[in-house]
S.K.: 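To start, I am sharing the structure in question, which I have written as structure tokens.
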Amino acid sequence: MSSSPLARDLDEALDTMATATGNFFTGQDLDGVQRTDATFWRPGTRALATADGPVRRASYRAGWQRLVVRAATLAAAGGGSYGYWQHPEAALQALTYGGPVAAAAAAAGGIALGMAGRERRELLREWVEPLHQALAGPLGIPEASDPRRYLHVPVNFTDDDAEIRIDLPAHLKFNRDQIAELVMQKLALQNAAFSWRLAGRDTHLLVKKKHQPPARLSLHDPDVRDLLAGMPESAPLIGLGAGKKPVSVDLDHDSPHVLISAGTGGGKSTILRTIACQFLRNGAEAFILDFKRISHTWARGVPGVTYCRDIADIHDALLRLGHEGQRRIRLAEQLGDDVLACEPEKVGPRTVILLEEVNATMKQLARYWDKIRETGDPKTSPAIDALAEILFMGRQVRLHVLLVAQSATARALGGPEMRENFSTRILVRYTLNAWRMLVPEVHPAPKPTRHPGRVQVVLGGTARETQVLNLSEAEARAWAMAGTHPKARTAQEPAEIPLPKPAPAPKPAPSSPPTPQATVHTSNNDDDLIGLRQAREDLPSISLAALRWARANDPDFPQPQDKRGNEFLYRTSDLKRWERNRPRTSSSAPGHANDTGDACQ
């Protein structure tokens, strides 16, 4: 006798209720579907291949854990219902007053928990999940698995003492070399040690970094001074990498130009100071184009240094350097590759161009050119064009640009083709967007750090974490002064790299024969020779006493060109250029050049 539809529906409902009750008390999912490898006593580590769709975190818990949570929830609901049944007014009063307090406490706890777990969520999003996507296939793990169940990556996984654990499947049907390479690439590790534990049931992999660069690096550390002195002339030391290995860039073989990208306070000037003082010690010339005016005060008065602070002088210096680069190209063509390979110095002394804050400097150069250009002149600043030409010149001309930018966009540097001339790029305190913009070939980006002096030196598609050698201004100056230098000259006298000047206007014939002494004009043109007293007419912001103090104490003060009796004579253009380029910092020295009164004695 067949049962009625109502009876069949009742039987199915009872069977479903019995199954759900059994699953409830055995700690399984209520629908009875096994989604992970969890048992009643052991939590799960990965999802099963039969799992359909995303797997909830609760499915990874051991059965007894889920049973405890369910029983506690059921007991709380039953206790609340019983209390309301026996004392409804008291229950409502407790709910009225206790509900908002409980809600506020829950909200505060949720906010605190969210802030505390921010780093963990960022770690999961940026590192753990991409690693899981790379390892799931080679390890034979379903992609629906929760990566936190088998990838144990600490927040500080880049530290020396940090340890990464990866739980491995017991079947061992994977290629260990492939797994190790994927871990190194996805976590951007260098010199990591791998420990494989494959025996028994607890199979796992332990990954630990071997070494990191030293925490600090100074000239007083053991063997650093000897290492610095022994570096090749074309390859200055930048710092030490993992295992205290020297990190340098050879401007004759690796990269003729260097780009430094960092935000404010990232130590850009320290890096430039460390590199530049080594070149100066070995006889190179340096052009410091510093629109900030005081980034490299250590280089004032160092032989071979031309310090340009005013935008007009930066403009002129780039033009001079562009003309010099063209001259060297023609000379290199005449000498031939064979001669240059043996005697590269024949083309000219090595010249290093330190270009500070290129984002602001390029804008100022464009504005300056718009102000001074005349009808028929090109719209683009010739100084910017000269910089582009220098960047495209080869290593043979021995002109090297060390460029600093807070945001080295293609627009800031004058175009993407100019940025591609920097084979070596030093990044510090970078963002993920900055890394992808400057070195997209290195993936994934190493985790940035705010450790003082810690940078990433990228050359040839490889990033090397480096601790920069921190030379103080006094140490850098002493190191630069201790070597052999070209003929000393001031910032106003670039004798090696002249700038073509327009032909001077014709002067009327003198009414009387010229005297043997130097000619001094009453109208002070740029080529006139004048004394300090007469210079007060062209430099009204500086007192005569301040000029005399600067003559005796400022290493950048122009050299006299002639003498009239006991009075030294100076070229007017040199004095004007010195006045524009003098540092604007305050000084406690009596008679500082910034003084406009008669305090200097």
S.K.: Out of curiosity, Ser248 OG to Leu469 CG, how far, rounded to the nearest 0.5 Å?
M.R.: 12.5 Å

S.K.: Salt bridge or not for Glu357 and Lys292, using N-O below 4.0 Å?
M.R.: yes

S.K.: Can we say Asp554 and Arg300 salt-bridge, meaning some charged N sits less than 4.0 Å from an Asp/Glu carboxylate O?
M.R.: yes

S.K.: Parallel, tilted or perpendicular for Phe568 and Tyr570, by the 30°/60° rule?
M.R.: tilted

S.K.: Nearest 0.5 Å, what's the OG-CG distance between Ser261 and Leu438?
M.R.: 5.0 Å

S.K.: Hey, does the side chain of Arg398 reach the backbone of Gly348 with a donor-acceptor pair shorter than 3.5 angstrom?
M.R.: yes

S.K.: Does any part of the side chain of Leu355, heavy atoms only, come nearer than 4.5 Å to the side chain of Leu387, both counted from C-beta?
M.R.: yes

S.K.: Can you tell me how far OG of Ser234 sits from CZ of Arg395, rounded to the nearest 0.5 angstrom?
M.R.: 11.0 Å

S.K.: Is any side-chain heavy atom of Ile238 less than 4.5 Å from a side-chain heavy atom of Thr274?
M.R.: no

S.K.: May I ask you to decide if the ring planes of Trp435 and Tyr430 are parallel, tilted or perpendicular, using 30° and 60° as cut-offs?
M.R.: tilted

S.K.: Where the side chain of Asp221 meets the backbone of Val224, is there a donor-acceptor pair that is under 3.5 Å apart?
M.R.: no

S.K.: Rounded to the nearest 0.5 Å, what separates atom CG in Leu219 from atom CG in Asn470?
M.R.: 10.5 Å

S.K.: For the pair Arg454 and Glu465, find out whether any cationic side-chain nitrogen is under 4.0 Å from an anionic carboxylate oxygen.
M.R.: yes

S.K.: Between Glu333 and Arg330, is there a salt bridge with N-O shorter than 4.0 Å?
M.R.: no

S.K.: Where is the tightest heavy-atom contact between Ala317 and Phe287, given as atom of each residue plus distance?
M.R.: CB-CD2, 4.1 Å

S.K.: Is it the case that the side chain of His257 and the backbone of Val401 share a donor-acceptor pair, with hydrogens and angles ignored and the cut-off at 3.5 Å?
M.R.: yes

S.K.: Identify whether NZ of Lys or CZ of Arg in Arg281 sits under 6.0 Å from the centre of the six-membered ring of Phe279 and within 45° of that ring's axis.
M.R.: no

S.K.: Taking the side chain from Trp369 and the backbone from Pro378, do they hold a donor-acceptor pair closer than 3.5 Å?
M.R.: yes

S.K.: State, yes or no, whether a side-chain contact exists between Leu321 and Ile390 at a heavy-atom distance under 4.5 Å.
M.R.: yes

S.K.: With heavy-atom distances below 4.5 Å as the criterion, would you say the side chains of Leu318 and Leu289 are in contact?
M.R.: yes

S.K.: Any side-chain heavy atom of Asp290 within less than 4.5 Å of one from Leu354?
M.R.: no

S.K.: When you compare the side chain of His451 with that of Gln467, does any pair of heavy atoms fall below 4.5 Å?
M.R.: yes

S.K.: Looking only at atom types and distance, does a side-chain atom of Thr424 sit under 3.5 Å from a main-chain N or O of Val258, one as donor and one as acceptor?
M.R.: no

S.K.: Heavy atoms only: give me the nearest Val247-Gly241 pair and the separation to one decimal.
M.R.: CG2-N, 3.6 Å

S.K.: Say you draw a straight line from CD of Glu285 to CD1 of Ile353; how long is it, rounded to the nearest 0.5 Å?
M.R.: 10.5 Å

S.K.: If you look at every heavy atom in Ser423 and Asp254, which pair is closest and at what distance?
M.R.: CB-O, 4.2 Å

S.K.: Taking the side chain as every heavy atom from C-beta outward, state whether Val358 and Val404 have any atom pair closer than 4.5 Å.
M.R.: no

S.K.: Can you name the nearest heavy-atom pair linking Met437 to Arg419, along with the distance?
M.R.: CG-NH1, 3.4 Å

S.K.: Counting distance only, does the side-chain N/O of Ser255 pair as donor-acceptor with the main-chain N or O of His253 below 3.5 Å?
M.R.: no

S.K.: Is the shortest side-chain N to carboxylate O distance from Glu324 to Arg328 below 4.0 Å?
M.R.: yes

S.K.: Between Arg477 (side chain only) and Ala299 (backbone N and O only), is there a donor and an acceptor less than 3.5 Å apart?
M.R.: no

S.K.: With no hydrogens and no angle check, do the side chains of Glu473 and His296 hold a donor and an acceptor under 3.5 Å apart?
M.R.: no

S.K.: Has the side chain of Ser381 got a donor or acceptor atom that lies under 3.5 Å from a matching backbone atom of Ala383?
M.R.: yes

S.K.: Between the main-chain N or O of Lys268 and the side-chain N or O of Thr270, is there a donor-acceptor pair closer than 3.5 Å?
M.R.: no

S.K.: If only side-chain N and O atoms count, and only distance matters, is there a donor-acceptor pair under 3.5 Å linking Arg350 with His400?
M.R.: yes

S.K.: Under 3.5 Å, is there a donor-acceptor pair between the Gln326 and Glu389 side chains?
M.R.: yes

S.K.: Any side-chain heavy atom of Ile311 within less than 4.5 Å of one from Phe291?
M.R.: yes

S.K.: Using 0.5 Å steps for rounding, measure from the CG atom of Leu365 to the CG atom of Asp385.
M.R.: 11.0 Å

S.K.: Classify the side-chain pair Glu475/His220 by whether it contains a donor and acceptor separated by less than 3.5 Å.
M.R.: yes

